[in-house]
Amino acid sequence: MGELPFTSIIIPCRNEERFIGNCLDSIIANDYPKERLEVLAIDGMSEEGTQGVIENYSKKYPWIKLLKNPKRITPVALNMGIMNSKGEIIIWMSAHNRYEKDYISRSVESLEKYGADNVGGIMRTLPREDTFTGQAIVASLSHRFGVGNSYFRVHSDEPKWVDTVFGGCYRREVFERIGLFNENLVRGQDMEFNLRLKKVGGKTLLVPDIVSYYYARSDIKSFWKHNFTNGVWAILPFLHSPIMPVSSRHLAPLIFVTGLLGSAVLGFVWTPFFYLFLIILGSYGLANLGASLQIALEKRNIRYFIIMPFVFGALHFAYGLGSLWGVIKLLGTSQFWEKPPG
């Protein structure tokens with residue numbers, strides 16, 4: 001095969017003291033030759049011990065380097081990493097994940113094997129705390145009713161061309177061709193970037209043999225807040241991108257919540273809207289109970305049938321309400337009204 005391409009790993013992080021060590025340990029354990037590898041951990045001015053952890057690793061492993069990101073947000077960190085990296089291949093990894101030992105080598109190999117511009121793998125979700133609620137949240141993020149056709153979460157049996165993947169393994173020329181990540185997007189910068197790539201004919205591939213593990217929130221309150229923020233950032237990118245920056249599945253919770261609330265309010269004015277409200281709520285309730293029952297049967301634990309409707313609700317309603325708030329914020333900006341069509 002000849003010499004393997006020099007590969008740069010970029011890890012944006014902020015306040016990840018609890019997880020960054022596991023992330024770096026899993027990268028160190030990878031089978032990719034370390035003389036063909038560099039790791040750039042870009043810290044967003046953490047307020048705890050993240051920088052200290054990275055510095056300790058960099059003393060032991062010179063190919064691990066710490067960069068500081070005073071602007072704190074992910075797309076700035078990614079762009080700093082790209083501009084300071086030396087690799088022919090650039091891999092974005094999350095500090096919040098750990099990676100199988102062949103994650104890097106399989107990613108790089110798949111770029112060549114399939115002629116892709118970007119390659120990613122599946123993400124197996126684990127709870128941060130091994131509680132029943134934590135396990136239920138994991139179940140919601142690994143089920144089609146919870147996350148739709150997000151293939152890197154619900155998994156695929158064979159390589160599949162997709163709109164986006166978790167993280168990503170890119171050829172450097174991709175950034176030379178379409179530019180860097182959009183620094184106006186606090187979240188959703190990966191989806192927007194990959195859709196820009198697709199628009200110019202670039203190809204993103206999901207490979208199920210490439211595996212990482214993500215630690216999900218384990219309590220309903222933080223799960224709700226996280227989904228609400230994700231919902232907001234499913235809408236705000238429309239203000240900062242010349243393309244449709246999300247896929248249709250990201251807008252489904254907005255349509256659901258808007259339809260539900262709108263029909264409930266209008267139901268006080270005209271009775272048919274009240275029946276529409278009942279139809280929407282009833283349809284969602286039946287689908288929710290069906291998915292919850294399926295999980296309970298798979299887990300062989302009836303308690304899942306009790307908790308899953310609330311977990312799915314926290315996922316869908318929080319995301320939808322967040323998106324609705326995003327629409328309100330969007331309509332309230334002069335920039336939106338001044339933006340030229342298309």
Side-chain angles (χ1 to χ4, degrees), residues 73-75 125 137 140-154 162-166 181-196 198 214 216-217 219-267 273 276-277 279-285 287-288 291 308-337 339 341-342:
I73 61 173
T74 299
T125 309
I137 289 172
S140 74
L141 294 173
S142 306
H143 195 280
R144 287 189 181 276
F145 182 68
V147 294
N149 65 343
S150 179
Y151 292 108
F152 70 84
R153 287 187 181 275
V154 298
V162 293
D163 288 337
T164 194
V165 289
F166 161 72
F181 288 90
N182 189 330
E183 294 187 0
N184 291 308
L185 306 184
V186 175
R187 295 196 187 186
Q189 61 282 141
D190 52 342
M191 171 65 76
E192 194 268 351
F193 183 88
N194 290 327
L195 289 175
R196 266 195 284 141
K198 182 179 180 180
Y214 168 75
R217 289 155 180 79
D219 64 276
I220 295 295
K221 182 179 178 181
S222 61
F223 184 59
W224 175 282
K225 289 174 65 177
H226 181 70
N227 289 318
F228 184 90
T229 304
N230 283 344
V232 172
W233 280 98
I235 301 301
L236 294 187
F238 283 90
L239 188 62
H240 303 292
S241 177
I243 65 167
M244 181 172 173
V246 296
S247 68
S248 56
R249 68 182 169 84
H250 292 93
L251 302 178
L254 171 64
I255 296 170
F256 164 62
V257 167
T258 302
L260 189 67
L261 295 179
S263 60
V265 172
L266 293 173
F273 279 108
L276 177 61
F277 166 76
I279 290 170
I280 296 172
L281 184 61
S283 298
Y284 175 80
N288 190 333
M308 289 310 304
F310 297 100
V311 174
F312 280 130
L315 174 56
H316 297 141
F317 281 94
Y319 199 106
L321 289 170
S323 294
L324 186 58
W325 180 241
V327 170
I328 294 170
K329 292 182 71 174
L330 199 69
L331 296 176
T333 62
S334 58
Q335 186 180 348
F336 174 78
W337 299 106
K339 188 177 180 181

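Numbers for residues simply follow the sequence, beginning at 1.
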If you compare all heavy atoms of L315 against all heavy atoms of S140, which two are closest, and at what distance to 0.1 Å? CD2-O, 4.2 Å

Minimal heavy-atom distance between N184 and H240, with the atoms involved, is CB-CG, 3.5 Å

With rounding to the nearest 0.5 angstrom, report the NE2 to OG distance, H250 to S323. 9.5 Å

Can you name the one residue among W224, F310, F256 that meets ring pair (Phe, Tyr, Trp, His ring centres under 6.0 Å) with F317? F256

Evaluate the side-chain proximity of F223 to H226: yes if any heavy-atom separation is below 4.5 Å, no if none is. no

Work out which heavy atom in N227 is nearest to a heavy atom in A314; give both atom names and the distance. ND2-O, 3.8 Å

Could you check whether any side-chain N or O of N182 sits under 3.5 Å from a backbone N or O of S241, counting only pairs where one atom can act as donor and the other as acceptor? no

Donor-acceptor contact below 3.5 Å, side chain S263 vs main chain L260: yes

Is any side-chain heavy atom of I280 less than 4.5 Å from a side-chain heavy atom of L276? yes

Looking at side-chain heavy atoms only, is the closest gap between M244 and L251 below 4.5 Å? yes

Would you please classify the geometry between the F145 ring and the H316 ring as parallel, tilted or perpendicular, with 30° and 60° separating the classes? perpendicular

Taking L185's backbone N and O only, do any of them form a donor-acceptor pair with Q189's side chain (distance below 3.5 Å, no angle check)? yes

Show the nearest heavy-atom pair for residues L236 and K329, with the distance to one decimal. CD2-CB, 4.2 Å

CD-OG1 distance between E192 and T164, expressed to the nearest 0.5 angstrom: 10.5 Å

Test L261 against L321 for side-chain contact (heavy atoms from CB on, under 4.5 Å), laying out the working first. CA-CA 10 Å; L261 295 179; L321 289 170; 4.1 Å; yes

Hey, are the side chains of R187 and N230 touching, using non-hydrogen atoms and a 4.5 Å cut-off? yes

Can you name the closest pair of heavy atoms from Y284 and F312 and give their distance? OH-O, 3.5 Å

Mind running side-chain contact (heavy atoms from CB on, under 4.5 Å) on D163 and L195 for me, showing each step along the way? CA-CA 6 Å; D163 288 337; L195 289 175; 4.0 Å; yes

